[in-house]
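Structure record follows, encoded as structure tokens.
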Number of protein chains: 2
Amino acid sequence: MMLYRPFENRLNSLLTKHQLQRAQWTILYYLYHFGPTTLVEIAAYQGVEKPTVTRTINQLEEYGYVEKIPSMDKREKKMKITNEGERIYKKIRIPIDQFEMEILEGITPEEQEECIRIFDSIKSNL
Amino acid sequence: MMLYRPFENRLNSLLTKHQLQRAQWTILYYLYHFGPTTLVEIAAYQGVEKPTVTRTINQLEEYGYVEKIPSMDKREKKMKITNEGERIYKKIRIPIDQFEMEILEGITPEEQEECIRIFDSIKSNL
DNA sequence: TTAAAATAGTTATCAATGGTAACTAATATA
DNA sequence: TATATTAGTTACCATTGATAACTATTTTAA
């Protein structure tokens with residue numbers, strides 16, 4: 001809980017160098033790792049409401065980091081990461097990986113796995 | 001990370017019934033458990049900047065949940081929780097405890113301890 | 001088959017928190 | 001004693017998050 005704020009500050013200080021914010025970053029992360037998806041999926045992933053995602057996606061679209069692709073369901077707005085988006089993702093990934101390694105220093109992979117497992121359990125209870 | 005938003009939403013939905021927000025709640029929690037303290041201490045605890053705490057404390061002061069007490073250091077604004085503050089804290093504590101038990105279902109006390117330990121490690125690395 | 005319900009996304013608006021810069025007053029340090 | 005640091009304040013700005021209301025499309029129920 002109290003860990004969130006310092007973590008986000010540090011993360012945002014890394015992202016600011018590329019004119020990005022955490023909300024935008026997590027969408028790039030998602031699209032890079034899981035592939036094209038809809039806004040409602042992103043909202044579920046981020047745990048926020050649809051209008052919030054609309055705005056953030058629009059920002060990323062303006063930057064040219066994401067684009068819309070066709071979908072069979074005419075209601076959907078299916079988004080994919082662009083080549084430019086992948087480029088910026090990989091670029092930012094480097095200092096962020098560094099940051100993550102720093103904060104995880106002294107914690108074994110087993111411990112990390114354990115924590116992730118506990119978090120998944122909490123998430124399903126939420 | 002993605003757990004934060006749903007958690008905060010749930011927490012805030014419980015707090016809203018008493019016209020409180022998460023930031024205010026964590027200050028009440030701190031004062032209740034750790035006793036009177038200064039604004040700079042609270043800022044450290046919450047991982048935020050001083051002006052943010054100033055505002056939140058002022059809100060709580062208006063509600064009558066906290067009050068200023070004398071301090072040797074004339075710069076300091078040492079705050080304590082009032083009786084009213086304790087009353088509201090105990091009242092809200094009940095549904096929040098319930099909520100926490102729900103999300104922690106299936107997780108043993110040992111696992112919880114483990115996670116807290118890992119978090120402390122991460123915090124010191126931040 | 002058709003109407004009602006549900007879903008995806010949008011727009012507009014508001015609330016809350018968080019940050020920074022600049023400042024004053026008090027305390028600590030050189 | 002002068003300078004540096006600290007505690008707190010004020011003002012302002014940015015971002016994210018939510019809700020309400022809505023349109024268009026798809027799904028479901030009658």
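Reminder, nothing fancy here: chain letters follow the sequence lines and each chain counts from 1.
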How many whole angstroms separate atom [atom1] of [X] from atom [atom2] of [N]?
| X | N | atom1 | atom2 | result |
| --- | --- | --- | --- | --- |
| Gln19(B) | dA16(C) | CD | C1' | 15 Å |
| Met79(B) | dA7(D) | CE | P | 16 Å |
| Leu15(A) | dT16(D) | CG | C1' | 15 Å |
| Ile57(A) | dG17(D) | CD1 | C1' | 16 Å |
| Glu41(B) | dA7(D) | CD | P | 9 Å |
| Gln59(B) | dT9(D) | CD | P | 13 Å |
| Glu8(B) | dT17(C) | CD | C1' | 9 Å |
| Gln21(A) | dA14(D) | CD | C1' | 8 Å |

Whether Thr54(A) contacts dT10(C) is assessed here as follows: a side-chain N or O lying under 4.0 Å from the phosphate OP1 or OP2. Is that the case?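 The answer is yes; a side-chain N or O of Thr54(A) sits under 4.0 Å from OP1 or OP2.
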Under 4.0 angstrom between Thr38(B) side-chain N/O and dA7(D) OP1 or OP2: no
Only counting residues at least two apart or in another chain, list the ones meeting side-chain contact (heavy atoms from CB on, under 4.5 Å) with Asp120(B).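 For Asp120(B) the side-chain contact (heavy atoms from CB on, under 4.5 Å) partners, ignoring immediate neighbours, are Ile116(B).
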Distances for protein N or O near nucleotides 18-22 of chain C N or O, under 3.5 Å:
{"from": "dG18(C)", "atom 1": "OP1", "to": "Arg22(B)", "atom 2": "NH1", "distance (Å)": "3.3"}
{"from": "dG18(C)", "atom 1": "OP1", "to": "Arg22(B)", "atom 2": "NH2", "distance (Å)": "3.2"}
{"from": "dG18(C)", "atom 1": "N7", "to": "Arg55(B)", "atom 2": "NH2", "distance (Å)": "2.5"}
{"from": "dG18(C)", "atom 1": "O6", "to": "Arg55(B)", "atom 2": "NH1", "distance (Å)": "3.4"}
{"from": "dG19(C)", "atom 1": "OP1", "to": "Asn9(A)", "atom 2": "ND2", "distance (Å)": "3.1"}
{"from": "dG19(C)", "atom 1": "OP2", "to": "Glu49(B)", "atom 2": "N", "distance (Å)": "2.8"}
{"from": "dG19(C)", "atom 1": "OP2", "to": "Thr52(B)", "atom 2": "OG1", "distance (Å)": "3.3"}

Exam field: side chain Gln24(A) to backbone Gln21(A), donor-acceptor pair closer than 3.5 Å: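 Yes.
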List in chain and number order the residues that pass salt bridge (Lys or Arg N to Asp or Glu O under 4.0 Å) with [X], two or more places apart in sequence or in another chain; answer none if no residue qualifies.
| X | result |
| --- | --- |
| Glu86(B) | none |
| Glu111(B) | Arg117(A) |
| Glu67(A) | Lys80(A) |
| Arg55(A) | none |

Result block: side-chain N/O donor-acceptor pairs under 3.5 angstrom for residues 96-103 of chain A, not counting sequence neighbours:
{"from": "Asp97(A)", "atom 1": "OD1", "to": "Arg93(A)", "atom 2": "NE", "distance (Å)": "2.8"}
{"from": "Asp97(A)", "atom 1": "OD1", "to": "Arg93(A)", "atom 2": "NH2", "distance (Å)": "2.9"}
{"from": "Glu100(A)", "atom 1": "OE1", "to": "Arg93(A)", "atom 2": "NH2", "distance (Å)": "3.2"}

Let me test you: for the helix from dT1(C)-dA30(D) to dA30(C)-dT1(D), what is the angle between the axes at its two ends (five pairs each), rounded to 10 degrees?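 For the helix from dT1(C)-dA30(D) to dA30(C)-dT1(D), the axes at opposite ends meet at about 40°.
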Identify all side-chain donor-acceptor contacts of residues 28-38 of chain A below 3.5 Å with residues at least two apart in sequence or on another chain.
{"from": "Tyr30(A)", "atom 1": "OH", "to": "Glu41(A)", "atom 2": "OE1", "distance (Å)": "3.1"}
{"from": "His33(A)", "atom 1": "NE2", "to": "Tyr89(A)", "atom 2": "OH", "distance (Å)": "2.8"}
{"from": "Thr38(A)", "atom 1": "OG1", "to": "Glu41(A)", "atom 2": "N", "distance (Å)": "3.3"}

Between the protein and nucleotides 27-30 of chain C, list every N/O to N/O distance that falls short of 3.5 Å.
{"from": "dT27(C)", "atom 1": "OP1", "to": "Lys74(B)", "atom 2": "N", "distance (Å)": "2.7"}

Go through it in stages, so that I can follow the logic: the residues are Asn125(A) and Leu104(B), the test is side chain to side chain contact (heavy atoms under 4.5 Å, CB included), and I'd like the CA-CA distance, side-chain angles, deciding distance and then a yes or no. CA-CA 7 Å; Asn125(A) 290 342; Leu104(B) 288 176; over 6 Å; no
Check side-chain hydrogen bond (donor to acceptor under 3.5 Å, both in side chains) between Asn58(A) and all other residues, then give those that pass, not counting sequence neighbours. none
What pairs of residues pass the ring pair (Phe, Tyr, Trp, His ring centres under 6.0 Å) test when at least one of them lies in residues 107-126 of chain A, not counting sequence neighbours? Phe119(A)-Phe119(B)
